[in-house]
Amino acid sequence: MISHIIIAPVLVHLFTAIVLLAFWEKILAHRIISIVGSLLGLIISVRLFTRVLNGPILTMNAANWDAPFGIVFVGDLMSTTFVLLTSIVALAVSIYSATGVSKGRIRYGYFPIFHFLILGLNGAFLTGDIFNLYVWFEVIIISSFVLLTIGGRKPQLEGAVKYMTLNILASTFFLTGIAILYGITGTLNIADLSQKILLVEKRAIVNMTAMFFVIGFGIKSALFPLYFWLPSSYHTPPSAVAAVFGGLLTKVGIYGFLRVFTLIFIPDDFIQLLLMGIGVMTIITGSFGAVIKNNLRRIFSYLILCHLGFVIGGLALFTEIAFIGLIFYLIHDIIIKSNLFLMAGLIRQLRGSMDLSRLGGIYGQYPKISLMMAVVLFSLAGIPPLSGFWPKIYLFDAGYQSSNYFFICGIIIGSFITLYLMAKIWSEVFWKDPKEEANSLDHFAPMPLFRKALLVFPIAFLAGVTLMIGLNAEFIIQVASKIAGEMADPTPYIEAVLVK
Amino acid sequence: MKSVILQTATRYMHPILLLFSVFLLLRGHYLPGGGFVGGLVASIAFVLHSIAYGTQQTLKILHFNPLSFITAGLALATLSMFLPVFFGYPVMTGLWLNQPFPVVGLVGSSLFFDMGVYFVVVGVVLTILFTISLESH
């Protein structure tokens, strides 16, 4: 069904960014406008999500050019779910940034760039054209370069160089893949590609093109063996930026994987084996990397990798139950990873450090904040009935049904190490007696109540969402099943785009 | 660097370059040209002026901070992109007036989009170059 409003989540953030530019250097105005814009974005995303959940797939032909020729925007349930999650994280991060980001950074345009980033993310999730997807990726990485370097501290620049080099390489691979794909099929529309790729006789070329996409998206979503840029750059920017990066940026790469490998390149045995190998190795390297680190944000960076492995392994199984598991996992993961980085930022405000050896005693001093964080940590570890638990049941089930014990071992190792890390963080950060000098670095206690609320509210909000995902799992499973149905049988998607 | 030759030449070149940039902007829909190239030529006009007379003088004749050109351009482009929605068309559809204007030709919403691009390019180029030149002094 044609609907002109599906582009609205993109336009809201564009308008917000323009209004923010008009109020250049007015810090208070920036904070308020950003929060209002993100709130509007959230309302629109919720409406779009409920419309698609209860109705048909929505499409919009940009500039009124018909589908295989013009750029088409498609709002199916997967896209709108991702847009909704993006908007939730964007709102939390906007509120957190109001106090969590320094005035200097705001003066140099932190908020407009933040909204350009969210705009790029929403665009990437909504587009139904593979080249347009590349363009949105560019919008995302250019904004993220600025967010990563704004402030200009030396470690930031060092992290940004690694990030930039690898991401430009990834874009080049992605673009080359698109060029070859266009060469062999003559179209860029994803729905059209999905039909025309079947007519290509030389399957070797198709598989080779798939490898370009594996490398391109693999670098962007930081999968084994191309992950090393992530842990060496995500601990450098302010925590608010790291929250968006950790929660959403790598997930765009994963979204690319999900789209491309369910619509264009239906995996054969070789690609399944390859993705499974990548997935399990990502789990193992990510979790072992996290074990040896002592800085909170570095631990969380490695955990991002570890848990992306679950998703890619699930994609490799390529059964509907695995799809339910991985979509549920992504829904849980986007919210919780953003929250972890916000929490790391708050802990830094409480103790002036993110080093495990210099932290301690937060539970004794701030019991309520600690309990809130405990909910998040337990959800991440997957303790029933919290949100990390449910998707793993589905992933296990899918693994047993396809007798893929390699994957099951991977999940067990990953989950076990996550549990161990959560216990370690809990005892080191919250329980252990603090070193004496730690209390003198508390920036949080002298803050006025309003600023405290602005720091704690986003974390509580995201923790609440996580709790809802865990306790209201039946609804999430319904959504995930419907998305899994769309992924397993793309006919409705193709019909919605191509048939008038 | 004060050079009488350059300053005198600039006095003639500056308006010609600006006129040429508008010409490029207007012919850009079907022929080579358009907002991006037009914007670059217009910013060259101002860069030339700043080399001849100094960046402070150029900022004075510009009246506005180069950064506000970016804002205005983005706003213009976004509005012209969003305008078709009010007429029941998808975003970015080209809306055209029936009667051609003298000199300019047919006017449509894409002209305003191109003008938006023109201002963004002027704003970006001047912001970058003037920031560098003001810092190096």
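Letters A, B, ... are given to chains in the order of the sequence lines, protein chains preceding strands, and every chain is numbered from 1. All figures in this text were calculated on a predicted structure; none of them were measured in a lab.
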Visitor: Answer yes or no: are there more than 12 heavy-atom neighbours, outside B:Ile5 itself, under 6.0 Å from its atom CD1?
Guide: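 Open: at most 12 neighbouring heavy atoms sit under 6.0 Å from CD1 of B:Ile5.
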Visitor: Report which part of A:Phe73 has an atom under 4.5 Å of a heavy atom belonging to chain B: side chain, backbone, both, or neither.
Guide: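 It is neither, since no heavy atom gets under 4.5 Å.
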Visitor: Quick check, are the ring centers of A:Tyr134 and A:Phe131 under 6.0 angstrom apart?
Guide: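 Centroid separation for A:Tyr134 and A:Phe131: below 6.0 Å.
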Visitor: Please tabulate, one pair per line, the N or O donor-acceptor pairs under 3.5 Å between chain A and chain B.
Guide:
unit_1  : atom_1 : unit_2  : atom_2 : d
A:His4  : NE2    : B:Gly88 : O      : 3.3
A:Ala63 : N      : B:Val91 : O      : 2.9

Visitor: Heavy-atom pairs under 4.5 Å with chain A - which of B:Leu67, B:Val85, B:Leu79 has more of them than the others?
Guide: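 Option with the greatest count: B:Leu67.
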Visitor: Looking only at side-chain N and O atoms, does A:Tyr493 offer a donor or acceptor that is under 3.5 Å from a partner on A:Ser194?
Guide: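 Looking only at side-chain atoms, A:Tyr493 and A:Ser194 do not form any donor-acceptor pair under 3.5 Å.
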Visitor: So, for A:Ser38 and A:Phe114, which heavy atoms are closest and what is the spacing to 0.1 Å?
Guide: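 Scanning both residues, the minimum pair turns out to be OG-CE2, 4.5 Å.
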Visitor: Is there a donor-acceptor contact under 3.5 Å from the side chain of A:Ser79 to the main chain of A:Phe125?
Guide: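 Present.
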Visitor: Short question: side chain of A:Glu486, backbone of A:Leu77 - any donor-acceptor pair under 3.5 Å?
Guide: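 Here the side-chain-to-backbone pair exists.
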Visitor: Should A:Leu148 and A:Phe145 count as side-chain neighbours, where that means a heavy-atom distance under 4.5 Å?
Guide: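 They are not in side-chain contact.
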